[in-house]
Engineer: 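Provided herewith is a single structure, encoded as structure tokens, for subsequent inquiry.
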There are 2 protein chains.
Amino acid sequence: MPTPHYGQPRYRVIADELRKRIESGAIPPGALLPAESVLTSEFGAARGTIRKAIAALREEGYAVTEHGRGTHATRLTQSSADEPAASQREMQADARLATLFQVEVGTTLIEREAVIRRGRQVARVIRTYHLRRTDPDPAER
Amino acid sequence: MPTPHYGQPRYRVIADELRKRIESGAIPPGALLPAESVLTSEFGAARGTIRKAIAALREEGYAVTEHGRGTHATRLTQSSADEPAASQREMQADARLATLFQVEVGTTLIEREAVIRRGRQVARVIRTYHLRRTDPDPAER
DNA sequence: AGAAATTTGTCCGTATGTATC
DNA sequence: AGATACATACGGACAAATTTC
């Protein structure tokens, strides 16, 4: 079948469903999500669509994926004592971020850190900040 | 040519090239990037690969895409009163960044801050860091 | 106003590469 | 070495938003 994405696109619906399972505890923090192949069967969607749904969850801070291992539901640590390579964590808005987001200082934000490597060297580090409950994300449409 | 992604994946190389054009001014802030169809021809890559490259640029804060319009290079010196003008500045590497870049704490890094707005609201704040001297981008490894 | 062209968005299917178990 | 799981890449088709004629 072609592409009848009335209203919400398929990957969005799937992402919402998986997010619901995580928030409800059906998939506990730290637990592994079903493999892409399993989700493909369950939702009757192409693998690419499943992957896009999971990518959306990652961007929203609900999951973390590791190459040959799988995707884990995120346990967002309130750590301010940051040392590890936590790719994702909660943090409190400082003055600058609070101003930008128009919230009060101390409001919880999600910080994600990505590293672009060139061979063994780190070429760039990217840090993204956003409020929790972000929806779709026009960036990708 | 199936999928030989030795070293850097194709979309990564393309993203780096496009980013270089933006940073160098070859594609001025606010300007439209070539359409996906054009980039597909230029790089001889599938459309999906081009789209992934552009998605990477979005995540790094270098571009913003709108549905039937196209992808614009993000404007750095935005108006508004809340901006300390320069969205790009030098800063000293903290412990975390120093570790990643394998340099000493206090080494000068370039920090770029992009503010992605959705309407009047700030949706995301993206900060990218990279070494000053060295990199810009060997483009290829 | 309307139709066509342009451009990005979604989805499917297939194949191969890479990391982990 | 084999199996499992995620990653990259190609190609095709149709949908939706915008611009152009």
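All values below were derived from every heavy atom in this structure, side-chain atoms included, with hydrogens, water molecules and symmetry-related copies excluded. Order of the sequence lines fixes the chain letters, A, B, ..., with proteins taken first and strands second; residue numbering starts at 1 for each chain.
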Engineer: The side chain of Thr65(A) lies closest to which of these nucleotides: dA7(D), dC10(D), dC12(C)?
Structural biologist: dA7(D)
Engineer: Looking at dC11(C), I'd like to know if its phosphate oxygens (OP1 or OP2) sit under 4.0 Å from a side-chain N or O belonging to Lys52(A).
Structural biologist: no
Engineer: So does Arg47(A) reach the base of dA7(D) with its side chain, donor to acceptor, closer than 3.5 Å?
Structural biologist: yes
Engineer: Nearest to the side chain of Glu36(B), which nucleotide is it out of dA7(D), dC10(D), dT8(C)?
Structural biologist: dT8(C)
Engineer: Examine the base of dT20(C) for any acceptor or donor lying under 3.5 Å from a partner atom in the side chain of His67(A), and report the outcome as yes or no.
Structural biologist: no
Engineer: Let me know the distance between CG of Leu39(A) and P of dT4(D), rounded to the nearest Å.
Structural biologist: 17 Å
Engineer: dA19(C) P sits how many Å from Arg117(A) CZ, rounded?
Structural biologist: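 So the two atoms are 13 Å apart, to the nearest Å.
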Engineer: How many Å lie between CG on Leu57(A) and C1' on dC6(D), as a whole number?
Structural biologist: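 So the CG-C1' distance, Leu57(A) to dC6(D), works out to 15 Å.
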Engineer: Can you tell me how far P of dT7(C) sits from CG of Leu33(B), to the nearest Å?
Structural biologist: 13 Å
Engineer: When you check the gap from the basic side-chain N to the acidic O, do Glu59(B) and Arg12(B) get nearer than 4.0 Å?
Structural biologist: no
Engineer: Taking 4.0 Å as the cut-off, does a side-chain nitrogen or oxygen of Tyr11(B) come that near to OP1 or OP2 on dT8(D)?
Structural biologist: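 Checking Tyr11(B) against dT8(D): at least one side-chain N or O falls below 4.0 Å of OP1 or OP2.
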Engineer: Go through the structure and list residues passing side chain to side chain donor-acceptor pair (under 3.5 Å) with Thr71(B), not counting sequence neighbours.
Structural biologist: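 Residues passing side chain to side chain donor-acceptor pair (under 3.5 Å) with Thr71(B): Thr65(B).
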Engineer: How about Thr128(A) and Glu111(A): does a side-chain donor come under 3.5 Å of a side-chain acceptor?
Structural biologist: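 No, because no side-chain N or O of Thr128(A) sits under 3.5 Å from a partner of the opposite role on Glu111(A).
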Engineer: Taking only residues two or more places apart in sequence or in another chain, which ones pass side chain to side chain donor-acceptor pair (under 3.5 Å) with Arg21(B)?
Structural biologist: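 Applying side chain to side chain donor-acceptor pair (under 3.5 Å) to Arg21(B) gives Glu17(B), Glu42(B).
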Engineer: Return the value, rounded to whole Å, for the distance between atom CZ of Arg51(B) and atom P of dG12(D).
Structural biologist: 17 Å
Engineer: By the 4.0 Å heavy-atom rule, please label Gly48(B) as base, sugar-phosphate, or nothing.
Structural biologist: nothing
Engineer: Check whether any side-chain N or O of Thr49(A) sits under 4.0 Å from OP1 or OP2 of dC12(C), and answer yes or no.
Structural biologist: yes
Engineer: May I ask you to evaluate whether Ser37(A) reaches the phosphate of dT4(D), defined as a side-chain N or O under 4.0 Å from OP1 or OP2?
Structural biologist: no
Engineer: Compare side-chain N and O positions of Arg12(B) against OP1 and OP2 of dA7(D) and report whether any pair is under 4.0 Å apart.
Structural biologist: no
Engineer: Could you tell me whether Arg112(B) and Glu23(B) make a salt bridge, using a distance below 4.0 angstrom between a side-chain N and a carboxylate O?
Structural biologist: no
